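The figures that follow rest on heavy atoms only: side chains count, while hydrogens, waters and symmetry mates do not. Below, read A as the first sequence line, B as the second, and so on, with proteins coming before strands; counting in each chain starts at 1. Given the structure is predicted, the values throughout are model-derived calculations rather than measurements.
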2 protein chains.
Amino acid sequence: MNDRRTVFKTLRDLSIRLTPQRILILDILRKGNTHMGVEEVYSKARTTFPYIDIATVYRTLNLMKKIDVVTEVAIGERLHFELTHPGRKHNHMVCTCCGKAFNLPPEYLERFGEQIHRDFSFEPDVRNFTIKGKCSLCAEKSEKSDSTYECLSP
Amino acid sequence: MNDRRTVFKTLRDLSIRLTPQRILILDILRKGNTHMGVEEVYSKARTTFPYIDIATVYRTLNLMKKIDVVTEVAIGERLHFELTHPGRKHNHMVCTCCGKAFNLPPEYLERFGEQIHRDFSFEPDVRNFTIKGKCSLCAEKSEKSDSTYECLSP
DNA sequence: GTACATGCAAACGGTTTGCATATCT
DNA sequence: AGATATGCAAACCGTTTGCATGTAC
């Protein structure tokens, strides 16, 4: 599992120091319970730790990514991260209209990836896989209200 | 089709000026016959038009994207573009090791997209869809030579 | 005590923009 | 002739880095 205890042990085992900043950032990701942008992590961190620097956030996230404690997720143009899911890896569907992201169960990609591997000898990395499109809510709204509904990317 | 003539007509119909720079950039994309990074387009353009500015390349590509003459492709971190494929849309598999990109026939994504739509009412945009992974050549090389083979992203 | 993490500020690199001039129609 | 595209240089913004100081171990 990805509870604090296990993560802390991982870090200690790798002689990676447990600083308040790192703990805070990991806790924010855990509580958020989804992928978050760097700016989002940063601003949340500042509410409890006003002097934290965004460089620290970047360094921490990159470090945690390297040791696979967090996973980088390709959402939008900027970096997003989430706590690495312990067992099966899920993927994301991002609405280009409202920006929300939805999780996609792993079976989908597994089957899909196997087929690709069979047909092209290409080994897809199922971790970094994001589908863009329009969520049901936005699709509905934009149908009804004839473009009075605003999209992020029109 | 996407031959010069048709594209030129599209531009004229939209009162978009046919400048040598724009023509050159479009021709480069057509000859290249795949997605290309901005820097790649720029350097190719300079061989026949040394004073062209990279800002012009960006402006042209963004303009052509807006009117759907070129399509932005999510490959790597930087922007990539290709001439919009007229009929069915294909997608890409990018090797995170050698950086090469391979085309994926549209049937794959169509079926996959339909299933997702059925199950989640999410309408995937099949145009912007890139699968990262390892190509057969790189997989083979990295097996054989035990990490003496260099990956872009190790 | 020592190696390493942090904050700060500055650099970096891809992309965009403001402006005067040149070009297309 | 008038609207708009270009080149040039500077701004922008997300991300990274160098360095002196502070901190976990």
Nucleotide [N], atom [atom2] - distance to [atom1] of [X] in whole Å:
X     : N      : atom1 : atom2 : result
A:E39 : D:dC12 : CD    : C1'   : 14 Å
A:I23 : C:dT6  : CD1   : P     : 11 Å
B:R78 : C:dG14 : CZ    : C1'   : 8 Å
B:Y42 : C:dG13 : OH    : C1'   : 14 Å
A:E72 : D:dG14 : CD    : C1'   : 13 Å
A:L63 : C:dA5  : CG    : C1'   : 10 Å
A:Y51 : D:dT23 : OH    : P     : 13 Å
A:K66 : D:dT16 : NZ    : C1'   : 12 Å

Student check: side-chain heavy atoms of A:F81 and A:V38 closer than 4.5 Å: yes
| said: Within the structure provided, determine whether A:F8 and A:R5 are in side-chain contact (heavy-atom separation under 4.5 Å). | reply: no
| query | Can you find a side chain N or O atom of B:T56 that sits less than 4.0 Å from OP1 or OP2 on D:dG7? | reply | yes
I want to check one thing: is the phosphate of C:dA5, taken as OP1 and OP2, less than 4.0 Å away from some side-chain N or O of A:R22? yes
When you measure from the side chain of A:S136 to the backbone of B:F122, do you find a donor-acceptor pair of N or O atoms at a distance under 3.5 Å? no
One should read off an interatomic distance between A:I28 CD1 and A:M36 CE, to the nearest 0.5 angstrom, of 6.5 Å
To the nearest 0.5 Å, atom CZ of B:F49 lies from atom CD1 of B:I25 at 9.5 Å
Checking D:dT6, D:dT17, D:dC8 against the side chain of B:D53 (C-beta onward), the nearest is D:dC8
Of the listed C:dG7, D:dG14, C:dT17, the closest approach to the A:Y58 side chain comes from D:dG14
Practice task
Look at B:K65 together with B:E72 and state whether they make a salt bridge at an N to O cut-off of under 4.0 Å.
Solution key: yes
Pairing of A:K9 and A:D13 as salt bridge, 4.0 angstrom limit: yes
Ordered by number, residues from residues 12-21 of chain A within less than 4.0 Å of DNA chain C (heavy atoms) are A:R17, A:T19, A:Q21
Between B:E77 and B:R59, whichever has its closest DNA chain C nucleotide further toward 5' is B:E77
>> Once you apply a heavy-atom cut-off of 4.0 Å, does A:I52 come out as touching a base, just sugar-phosphate, or nothing?
In response: sugar-phosphate
